Amino acid sequence: MSLDKTALARAYRQMKTIREFEERAHAEIMNGQIAGFTHLYTGQEANAVGVCEHLSGADTIISTHRGHGHCIARGADVKGMMAELWGSSAGLCKGKGGSMHVADVDNGILGANGIVAGGPPISVGSALAAKQKGTNNVAVSFSGDGSVNQGTCFEAMNLAVVLQVPAIFVIENNYYSEHTSINYAVGCDDLKARTEGFGFPVFVANGVDFFDVHEAAGKAIEHARAGNGPAGVFCEQGRFHGHFVGDPQGYRGEGELDRLRQDYDCLKHFRERVTGTGEMSHEELDAIDAEVMALIDEAVSAARAAPRPTAADLETDVYINYAAQGV
Amino acid sequence: MSLDKTALARAYRQMKTIREFEERAHAEIMNGQIAGFTHLYTGQEANAVGVCEHLSGADTIISTHRGHGHCIARGADVKGMMAELWGSSAGLCKGKGGSMHVADVDNGILGANGIVAGGPPISVGSALAAKQKGTNNVAVSFSGDGSVNQGTCFEAMNLAVVLQVPAIFVIENNYYSEHTSINYAVGCDDLKARTEGFGFPVFVANGVDFFDVHEAAGKAIEHARAGNGPAGVFCEQGRFHGHFVGDPQGYRGEGELDRLRQDYDCLKHFRERVTGTGEMSHEELDAIDAEVMALIDEAVSAARAAPRPTAADLETDVYINYAAQGV
Amino acid sequence: MPQKTMRDAINEALHQEMAADERVFVIGEDVAGGNGSDGTVGCAGGVFGVTAGLYDKFGPLRCVDTPISESAIVGAAAGAALSGMRPVAEIMFADFIGVCMDQIFNQMAKFRYMFGGKSRCPAVIRFASGAGFSAAAQHSQSMYQIMTAVPGLKVVVPSNAYDAKGLLLTAIRDDDPVLFFEPKALYQEACEVPDEPYTIPFGEAAMPREGDDVTVVAFGQMVGRAAAAIDGLEDQGITCDLIDPRTTSPLDADTILESVKATGRLVVVDESPPRCGLTADIAAMAADRAFHSLKAPIKQVCAPHTPVPFSPELEAAYVPSVQKIQAAILEVMR
Amino acid sequence: MPQKTMRDAINEALHQEMAADERVFVIGEDVAGGNGSDGTVGCAGGVFGVTAGLYDKFGPLRCVDTPISESAIVGAAAGAALSGMRPVAEIMFADFIGVCMDQIFNQMAKFRYMFGGKSRCPAVIRFASGAGFSAAAQHSQSMYQIMTAVPGLKVVVPSNAYDAKGLLLTAIRDDDPVLFFEPKALYQEACEVPDEPYTIPFGEAAMPREGDDVTVVAFGQMVGRAAAAIDGLEDQGITCDLIDPRTTSPLDADTILESVKATGRLVVVDESPPRCGLTADIAAMAADRAFHSLKAPIKQVCAPHTPVPFSPELEAAYVPSVQKIQAAILEVMR
Ligand SMILES: Cc1ncc(C[n+]2csc(CCOP(=O)(O)OP(=O)(O)O)c2C)c(N)n1
Ligand SMILES: Cc1ncc(C[n+]2csc(CCOP(=O)(O)OP(=O)(O)O)c2C)c(N)n1
Ligand SMILES: [Mg+2]
Ligand SMILES: [Mg+2]
């Protein structure tokens with residue numbers, strides 16, 4: 001699958017936006033500006049973008065606790081997201097959801113999700129709806145290397161096969177679930193094989209390489225769109241931060257984090273690749289960087305200035321329609 | 001593994017006891033003598049006995065809604081079981097459990113279980129206890145071809161591998177979960193491979209052949225006892241009754257039930273085999289049959305005459321120790 | 001008007017709404033039955049026969065059999081609902097809620113709030129609930145009392161076939177997630193049920209008996225018993241309001257409070273255990289908002305704090321009886 | 001006496017009981033941490049640090065890390081308990097109960113009853129519960145009100161470090177399954193906690209304030225706020241009994257009823273939503289068994305019927321405040 005320049009620029013912009021969103025969120029959390037538990041996606045940008053660049057229209061994604069990257073990649077409004085992290089009523093979820101529940105259902109984002117493996121069953125339902133309606137939409141769920149051990153994830157995979165629905169299971173191996181290595185938590189030696197045992201093909205990608213992810217995801221999505229049932233994508237790529245902001249990361253090996261940032265940075269990789277082939281110039285990429293930085297700055301300023309929710313907002317949005325007598 | 005005559009006679013007696021227990025239970029249910037939902041094991045006797053003949057002492061089993069066979073095979077008191085089905089206070093569970101909750105924890109039976117795949121996680125805990133105590137006991141869970149699609153079952157399998165505990169997963173494929181075929185409900189084509197994907201060996205047996213089951217189970221249990229972690233046993237053999245007593249069985253193909261009873265009866269198979277080899281005579285087997293029939297008759301008479309629980313029994317046995325003020 | 005059982009009334013509602021709205025579909029274990037077998041696909045229609053005929057009429061994409069994977073079933077319903085469909089999932093026995101609880105209470109119940117009001121999840125989940133079949137501890141629970149505690153869910157407990165049909169049609173057309181508990185002891189109970197579709201609004205109680213002395217609030221299976229209890233006391237000159245809330249969330253607080261203010265006495269009846277249940281919920285509301293009208297202690301008639309026992313004798317002692325309800329009414333009349 | 005935080009008090013109880021009884025072990029996600037990594041095994045001690053040091057002291061067979069598989073964790077605890085061990089499982093956030101509910105409420109809670117009294121399941125499950133961290137709808141729920149409804153479970157909600165240690169030791173030594181809810185907002189709160197092991201019996205309330213006018217019952221995180229509310233009303237001449245039940249099941253009904261009979265007024269405070277919760281449970285009990293002493297409507301102070309919101313302002317409005325508790329006390333005093 002070769003990408004034209006517009007596509008390359010867009011992909012790079014998306015990855016860079018995620019990176020800067022996360023790094024800025026990190027800084028603001030350290031400054032005490034953002035409340036709650038926040039899990040950053042820095043380092044894994046190529047996964048989200050490599051997958052979501054194939055999606056449009058009524059295609060859906062469902063994400064995880066580490067959801068900012070997926071949501072941005074699928075097109076969530078960055079300012080709305082930043083305002084949401086700030087807990088503002090101008091946030092994408094009016095400040096009611098926060099980092100772990102960023103969502104934009106009408107635009108195909110069925111939400112970040114605070115429950116590990118809460119998403120895959122829901123995604124199968126979205127895929128089922130596509131099949132019932134006779135569209136060729138797909139439904140993508142993101143899961144971590146830890147979440148694949150949750151029963152709901154297995155159930156979703158089997159059900160998707162049974163119903164032959166266009167569900168894409170993207171498994172992101174960032175080597176850890178919280179403080180525990182995949183080497184421990186996934187009992188078998190071959191997670192790809194275990195997953196394929198459920199009855200669908202899994203396409204493996206190097207998560208540091210946007211192009212590799214994009215290709216693997218393309219195959220999986222094509223498979224599903226063509227009516228062949230579910231498919232999987234398996235990406236490997238470490239996260240650059242702790243599990244959550246504040247994690248002391250005692251589980252890291254010596255120099256592990258430096259190595260990750262040094263040698264496994266998907267943005268660096270992308271830049272080297274496209275400048276190497278001559279498809280894009282450093283200047284062009286720098287220009288995108290500058291625009292992204294400006295966007296993030298603007299998003300932060302706007303979030304800071306945005307209106308705060310009040311007690312009057314507390315009890316709305318629980319139900320769509322309230323019976324006369326209320327609860 | 002060759003079995004001496006005592007072992008053969010015991011195995012046959014166990015299978016025959018299960019058969020007659022179930023057939024009698026069926027008759028008594030049809031007569032309105034037994035209340036509740038009852039799931040009969042007729043036809044699958046070789047599975048339970050082939051596995052449980054390897055167990056003793058503090059080895060545990062945990063069973064399913066279709067639990068009579070497993071419990072009898074592991075040594076549950078037949079009269080206590082029959083009285084339990086009758087809802088008598090002389091029942092194994094004082095009439096509080098009934099068919100779906102027959103148990104005898106002190107004798108290694110962690111209970112039938114009304115929740116599909118409720119058992120495997122519990123069994124892993126029992127196996128963990130064995131490892132922690134440093135015994136060489138094993139913990140066996142029985143699961144049906146339908147129950148293997150429940151998330152808890154997958155979680156249990158992975159956890160057993162991670163902890164390397166002596167858990168044996170016996171999967172009984174009787175072709176149906178309720179009214180749905182395994183061909184539909186298990187999405188993949190190869191359930192054995194899907195299971196082995198979790199990281200333990202699965203030994204396959206022909207469930208109509210006691211000797212085959214016994215051998216496969218022996219390998220699995222040996223593997224686990226030796227400290228090599230979990231193992232699986234996969235038996236295929238249809239049930240002779242409906243899912244529950246009263247099931248109209250519209251899912252059966254033409255002549256399917258007759259064929260099962262005719263050509264796939266583990267008792268017939270056992271008899272042919274041991275009389276063929278000369279290890280046992282028809283007379284010896286007939287004598288066991290007669291003893292079993294007498295036992296079942298006795299169990300039914302006793303259950304009929306057994307005391308009934310009263311309202312005074314209703315609120316006991318909820319807790320072991322009640323705080324002064326109660327609830 | 002034709003007499004129909006609750007099973008048939010629910011089945012009819014499903015047939016009608018699936019015919020009227022192609023976004024509606026059913027999903028669950030054996031809602032068709034026979035899939036993958038050599039026999040007849042569609043042979044089951046659910047273990048209680050409630051979805052009978054839907055497979056033949058609407059085919060496999062709208063009568064969707066599943067593996068035994070309750071979390072995936074509820075999740076699939078939730079996801080399909082977010083994506084524009086109107087699923088009606090069946091979880092068979094209400095007791096099985098334990099294996100899909102997260103999808104119900106953390107996912108579908110909370111989407112709208114977490115997402116700032118920007119989603120709709122019009123999914124219905126049906127359950128067969130309650131005691132009465134000697135089905136023992138894991139197949140006899142009512143569970144609606146626990147789910148009533150969860151903000152974001154609507155919870156329905158019909159007490160008769162007529163209400164079941166009208167409430168189910170409302171449930172399917174409602175844009176919020178609805179849990180629909182069918183007291184399985186009532187599946188075979190019949191009453192007059194119109195052939196045409198009709199709806200019964202949520203949050204509006206029924207009042208099958210009216211009287212002066214005591215307000216009796218009862219749920220689901222207990223409504224019939226409470227009515228019998230009340231009828232049996234008539235010749236002692238005691239008359240009661242009997243209120244059947246029909247939906248426990250939203251709750252028709254007004255009707256209950258108005259009645260309590262008139263009678264000054266309240267008895268609440270449910271087949272669930274006592275702690276943190278609906279009887280306490282209603283009693284506590286009255287002890288606050290109708291306090292000054294109360295003439296007697298508020299009595300709760302419910303199951304004991306035990307699992308549901310198997311033995312028929314024990315189960316009979318477990319579920320509140322007509323006699324126990326009468327005793328409570330007489331006690332508040334003393 | 002030394003001051004210790006609730007986190008440290010619980011950690012100390014675990015250390016002491018694991019040293020005293022080799023059947024005791026902990027199991028859960030990251031209760032050790034670092035397994036399989038290139039870094040330090042034992043680096044985590046739970047996401048809240050409550051199990052810190054146990055891996056180093058007791059090794060991998062007694063500080064058992066698991067995959068993210070809550071049903072398997074609870075099931076493993078249940079099975080190990082049936083097989084003679086005394087597991088203490090950690091389910092991290094109480095909200096995650098949804099993915100392991102069946103193992104808790106249909107399995108461990110019911111074994112003994114279903115098996116006719118012939119089993120013991122001495123398992124403890126620990127949860128971090130409640131709001132206060134802007135952790136939003138899926139990481140802030142208290143859940144103990146829902147679990148109190150389940151016969152067969154004992155349910156503990158400590159309100160301070162001293163009680164937490166004593167109650168946890170009782171929980172581990174108890175032969176029934178115990179759910180132990182740790183209000184995470186209190187982990188860093190310290191009070192005097194003896195170094196030696198001690199136990200606090202279940203079903204015995206504490207009474208951190210004594211007074212004449214109103215009985216205030218509060219749970220967990222709310223006990224401190226209720227105390228502050230009461231202290232703040234002293235100069236208005238209002239004095240209150242403050243009752244901290246400590247265990248919601250079994251419940252010390254006697255202490256509550258005795259107090260209500262003396263004061264004639266009851267305010268019940270919890271951070272859960274209102275429907276079928278503990279505030280209703282206690283209120284309903286009093287409306288029956290202390291009815292004739294009541295001088296005023298029974299007030300419930302609780303969260304609204306909504307999920308827990310993320311935004312700090314909204315969360316602050318969600319959790320009952322000192323002011324709201326005071327308003328309720330003043331209202332019943334009118
Ligand atoms: C059901 C459930 N269990 C546990 C948690 C706590 N938790 C949050 S993230 C996480 C680790 C997830 O690991 P992985 O799936 O690999 O995703 P990653 O964090 O690496 O992106 C855990 C255990 C949770 N949120 N939900
Ligand atoms: C969690 C749960 N879901 C559904 C059921 C209803 N149910 C009871 S048995 C059964 C089928 C089980 O099939 P299988 O595992 O193959 O066992 P078999 O009945 O064939 O022995 C079902 C769906 C249940 N008891 N528990
Ligand atoms: Mg990970
Ligand atoms: Mg089967």
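Here is how names work: the chains are called A, B, and so on, in the same order as the sequence lines, proteins then strands, and each is numbered from 1. Fair warning: this is a prediction, and the values are worked out from it, not measured in the lab.
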| query | By a 4.5 Å heavy-atom criterion (distance strictly below it), what part of A:S147 contacts chain D: side chain, backbone, both, or neither? | reply | backbone
| field | Interatomic spacing from CD1 in D:I68 to CG in A:D145 - rounded to 0.5 Å | value | 7.5 Å
| How long is the gap from OG on D:S69 to CD on A:Q150, to the nearest 0.5 Å? | 6.0 Å
| query | Does any non-hydrogen side-chain atom of D:P67 lie less than 4.5 Å from one of A:V186? | reply | no
| query | Hey, are the side chains of D:M92 and A:E178 touching, using non-hydrogen atoms and a 4.5 Å cut-off? | reply | yes
| note | In short, A:W86 meets D:F310 closest at the heavy-atom pair C-CE2, 4.5 Å
| query | Heavy atoms, side chains only, cut-off 4.5 Å: are A:I115 and D:F96 in contact? | reply | yes
| said: Looking only at the side chains, is there a donor atom on one of A:T180 and D:D30 sitting less than 3.5 Å from an acceptor on the other? | reply: yes
| remark: To the nearest 0.5 Å, atom CG of D:D65 lies from atom NE2 of A:H179 at 9.5 Å
| remark: Under 4.5 Å to a heavy atom of chain D? For A:T310 that would be backbone
| Which heavy atom of D:L314 sits nearest a heavy atom of A:L314, and at what distance? | O-CD1, 3.7 Å
| request: First locate atom NZ of A:K96, then atom OG1 of D:T306, and finally report the distance between them rounded to the nearest 0.5 Å. | output: 8.0 Å
| message | Counting only non-hydrogen atoms closer than 4.5 Å, does A:L85 touch chain D with its backbone (N, CA, C, O), its side chain (CB onward), both, or neither? | response | backbone
| Which is it for D:H305 and A:E315 under the side chain to side chain contact (heavy atoms under 4.5 Å, CB included) test, yes or no, and what are the steps along the way? | CA-CA 7 Å; D:H305 187 69; A:E315 300 193 34; 5.9 Å; no
| query | Between A:N113 and chain D, which part of the residue has a heavy atom less than 4.5 Å away: side chain, backbone, both or neither? | reply | both
| said: For A:G36, is there any backbone N or O sitting under 3.5 Å from a side-chain donor or acceptor partner on D:S134? | reply: no
| query | Relative to chain D, which segment of A:Y176 carries a heavy atom at a distance below 4.5 Å: side chain, backbone, both, or neither? | reply | side chain
